[in-house]
Structures are given as structure tokens and as C-alpha cells.
Amino acid sequence: YMGGAITALNRMAELNESVAENDANAKRQATLYSVDQAYWLVVSLKQKQQLANSYLALVQKLSDDVQKMFKEGVATKADGLKVDVRVNEAEMQVTQVEDGLALAKMLLCQLCGLPLEERVSLVDEQQSPSTIHLDAQPQIVADKALANTSRPELRMLQNMVDLTKQSERLVRAIYLPHVLLTGGYFASNPNMFNSFERKLAGTWNVGVLVQVPVWNWFEGAYKVRASKAATSMAQMELYDAQEKINLQITQSEFKVKEAHKRLLMARKNIKSAEENLRCANVGFKEGVMETTEVMAAQTAWQQAKSQQIDAEVEVKMAQVNLQKSLGVLNY
């Protein structure tokens, strides 16, 4: 009997294994979160690449129309120069988004452990934002009690609290009575009791060792008090982390709702921008609108499309953030 030290050490070994497992889970969830971010970044840039190509086609068609009008004498050279500038800007946007897409795919490959030059094709790359229906989105219930058992960070802090409690027991065991029971059998040939006898013989021995601390100048009380203080600090750190995680869950839940509202507004804006662009094109063909008005309508249409793409990706990332906050982000 060692005052409970052996039991405490065995329990501490089990807790250390649990800490290692929870640390691995935390790192896995962090990796999955980074992969999700890189994945939706690629999807967003792919859709913006398609948008940039569509916008470039619009301004190039407008440039061709203005050049024809200039040859017919119904447009000025200044109009043609304005449209040419917009064409150059659209071409630069295409180049920038293509470079960004290539870098984003390299980042995704790096996170997935693939060669950087690997050609990857994502499932959601070819989907347009309008194909995602909010009614079909899974509603994640923000259960804070679930987060307290699912978040590996909280489980690690709980393990630290348990470890400090076992350390307290270990310190207390040093200053408790220790009892050691020994026993054995000693044999020799020749016989140690008769050196002339060539025969294996021996003797049994049994002993009891008792150690009782009598006086240590209150050293044990001070060390036990320090261990209790360490346990209290670990418990306070756990409570503080629980409050912060509950706040993070609430914030993530609000972000999901805001992202849904922003996507609904973006879809309404795109309808207005498309109608405005249609009216501008019709007015330009009829000669009642200037090229600047058509370019403004095209720019508004491009911005509305871009906002729709950003809102769609924001909905996805908000859901991923909520899953990570709840500790349920898995494969």
C-alpha cells in the first residue's frame, strides 16, 4: 500500500492517452476546416472566372457595336475609347482571377497532400449559385451541451483538470503511511546449512515494512494546498473556455442566419441588375441610351453576380464554422 500513489499513476497514464487522442482530434478538425476553406475558395474563384469571361464577352460585343456605329458616323471616337478601356479592364480581371484560381488549387492540393501541379476538378465548380436552394440546406441545431462533449479542446481541458486532481492525490500519498509486504525463498547447492551436503535446500523469508511520516514541518500541507490551487486554476480555465465556446456557437449561429439573408438579397439584386441590363441594351439599340449608361448597367450586373457568388460561398462557410464550433466537423 503506497497511499493511493499506484492508482493515481495508472489513472494519469490513462488521462495522458486521452489527451493525446483529443489533441489528434483537434488537429484533424483544424485540418478539415482549412480544407473546407480552400475548397470553397476554389469554387468561388471558378465561378468568378466564368463571370469574368461573361463580362468580357459583353464589353467586347459592346465594343464591336460601337466600332460599327463609329464607321456609320453615329458614334464618336471618344465612345470607342471608353469601351476599349473597359475591355482592357475586363481582360485584366480575367487574368487576375485565373491566376488566383491556379494558386487556390495549389493550396488545396498542398492541404490534401497532393502534388502542387496536380489537376483537380471539384464537384461544385460547375454549379451555378442559383442551383443551391436555401430550403434544402440542412439546419444545424446549435446544442451547447453537445459542444461541451464534442469539442476536443474542452475534452483536453477536462483531462487537465482530472490530471491535476490525480497529481493532488499523488502528492498526498507521499505523506501517508506506506506498507510493504515482502516474501521470498532462497535456495543453494551445496546446502548453506550443511556445506558438505550436495543437495539443493533453502529457506523462506517473510517481512513487513511500514513507513509512517511523523513530522515534516508542514511540508505536506503546503504541497497539497499548492496542488489544490492548480486544480482550481485548471477548473477555472475550463469554465472560461466553455463560456467562450458558447459565445462562439451563438455568433456562428447568427452568421448562418445573416448569410442566408444576404444570399436572398443578392438573388433579388441580380434580378434587378439583369432587367436593368436588358433595358440598357434595348435602349442602346434604339439609340435612346449612351454607351456610358450601357457600361454602367454591365458593371452593376457584374457586381450583382459577384455578390451572389460571395453570398453563396458565405452560406457554406457559415455552416462549416457552426459545425466546427459544435465540434461535429467530420469527414
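These figures come from a predicted structure and were not determined experimentally.
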Side chains of [X] and [Y]: does their closest heavy-atom pair fall under 4.5 Å?
X    : Y    : answer
V206 : T182 : no
E91  : L56  : yes
N281 : V294 : yes
E275 : R278 : yes
L51  : S306 : yes
E274 : K305 : yes
V208 : V210 : yes
W301 : S54  : yes

Shortest non-hydrogen contact from [X] toward [Y]:
X    : Y    : value
G80  : Q67  : CA-NE2, 4.3 Å
A280 : A297 : CB-CB, 3.7 Å
A259 : A318 : CB-CB, 4.2 Å
V87  : V59  : CG2-O, 3.7 Å
V35  : L108 : O-CD1, 3.9 Å
M289 : C279 : SD-O, 4.1 Å

With a 3.5 Å distance limit and no angle check, can you tell me whether [X] reaches the backbone of [Y] through a side-chain donor-acceptor pair?
X    : Y    : result
K105 : R119 : no
N22  : S18  : yes
H178 : L209 : no
N246 : Q242 : yes

Item to complete: Please collect all salt bridge (charged side-chain N to carboxylate O under 4.0 Å, His left out) contacts where either partner lies in residues 50-64, sequence neighbours excluded, each pair once.
Response: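 Residue pairs passing salt bridge (charged side-chain N to carboxylate O under 4.0 Å, His left out), neighbours aside: K61-D65.
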
Discussion item. Taking side-chain contact (heavy atoms from CB on, under 4.5 Å) as the definition, give me every residue that meets it alongside A234, ordered by chain and number, with sequence neighbours left out.
Written reply: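 A234 satisfies side-chain contact (heavy atoms from CB on, under 4.5 Å) with V161, T164 only.
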
Can [X] and [Y] be counted as having a side-chain donor-acceptor contact under 3.5 angstrom?
X    : Y    : result
Q47  : E312 : no
S325 : S252 : yes
N25  : R28  : yes
Y33  : Q29  : no

Worksheet item: Are any of the side-chain nitrogens in K48 or D310 under 4.0 Å away from the carboxylate oxygens of its partner?
Response: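 A salt bridge links K48 with D310.
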
Discussion item. Any carboxylate oxygen within less than 4.0 angstrom of a Lys/Arg side-chain nitrogen, looking at R172 and E168?
Written reply: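 Counted as a salt bridge, because a side-chain N and a carboxylate O are separated by less than 4.0 Å.
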
Test question: given the 4.5 Å side-chain rule for I, L, V, M, F, W and Y, name all other residues clustered with [X], or answer none.
X    : result
L81  : none
W204 : Y185
L116 : L103, M106

Same cluster (ILVMFWY, side-chain, under 4.5 Å), [X] and [Y]:
X    : Y    : value
M160 : I245 : no
V320 : V123 : yes
L9   : L163 : yes
V19  : L157 : no
L322 : L154 : yes

How long is the span from the [atom1] atom in [X] to the [atom2] atom in [Y], to the nearest 0.5 Å?
X    : Y    : atom1 : atom2 : result
L238 : E243 : CG    : CD    : 10.5 Å
Y39  : M317 : OH    : CE    : 12.5 Å
M12  : E14  : CE    : CD    : 12.0 Å
Q235 : K228 : CD    : NZ    : 14.5 Å
L111 : S34  : CG    : OG    : 6.0 Å
R169 : T231 : CZ    : OG1   : 12.0 Å

Discussion item. With side chain to side chain contact (heavy atoms under 4.5 Å, CB included) as the criterion, how do R151 and Q248 come out once you've worked through the C-alpha distance, each side chain's angles and the decisive distance to 0.1 Å?
Written reply: CA-CA 12 Å; R151 284 290 293 260; Q248 184 183 21; 3.3 Å; yes

Item to complete: Decide yes or no on side chain to side chain contact (heavy atoms under 4.5 Å, CB included) for V83 and D79, but give the supporting numbers first.
Response: CA-CA 6 Å; V83 178; D79 294 333; 5.6 Å; no

Worksheet item: Going by the side chain to side chain donor-acceptor pair (under 3.5 Å) test, which pairs reach into residues 282-300, not counting sequence neighbours?
Response: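 Side chain to side chain donor-acceptor pair (under 3.5 Å) check on residues 282-300 returns R86-T299.
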
Discussion item. Under the side-chain contact (heavy atoms from CB on, under 4.5 Å) test against L45, which residue among V43, V42, L41 passes?
Written reply: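 For L45, the side-chain contact (heavy atoms from CB on, under 4.5 Å) check succeeds only for L41.
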
Fill in: Residue from L101, L122, I309 passing side-chain contact (heavy atoms from CB on, under 4.5 Å) with K46
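Single side-chain contact (heavy atoms from CB on, under 4.5 Å) partner of K46 among L101, L122, I309: L101.
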
Fill in: Trace of the side chain to side chain contact (heavy atoms under 4.5 Å, CB included) decision for R11 with L15
CA-CA 6 Å; R11 179 58 181 160; L15 290 172; 3.7 Å; yes

Fill in: Criterion side-chain hydrogen bond (donor to acceptor under 3.5 Å, both in side chains) against E314, the qualifying member of H260, R262, Q319
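For E314, the side-chain hydrogen bond (donor to acceptor under 3.5 Å, both in side chains) check succeeds only for R262.
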
Worksheet item: What's the verdict on side chain to side chain contact (heavy atoms under 4.5 Å, CB included) for D162 and Q158, showing C-alpha distance, side-chain angles and the deciding distance?
Response: CA-CA 6 Å; D162 296 336; Q158 183 61 54; 3.3 Å; yes

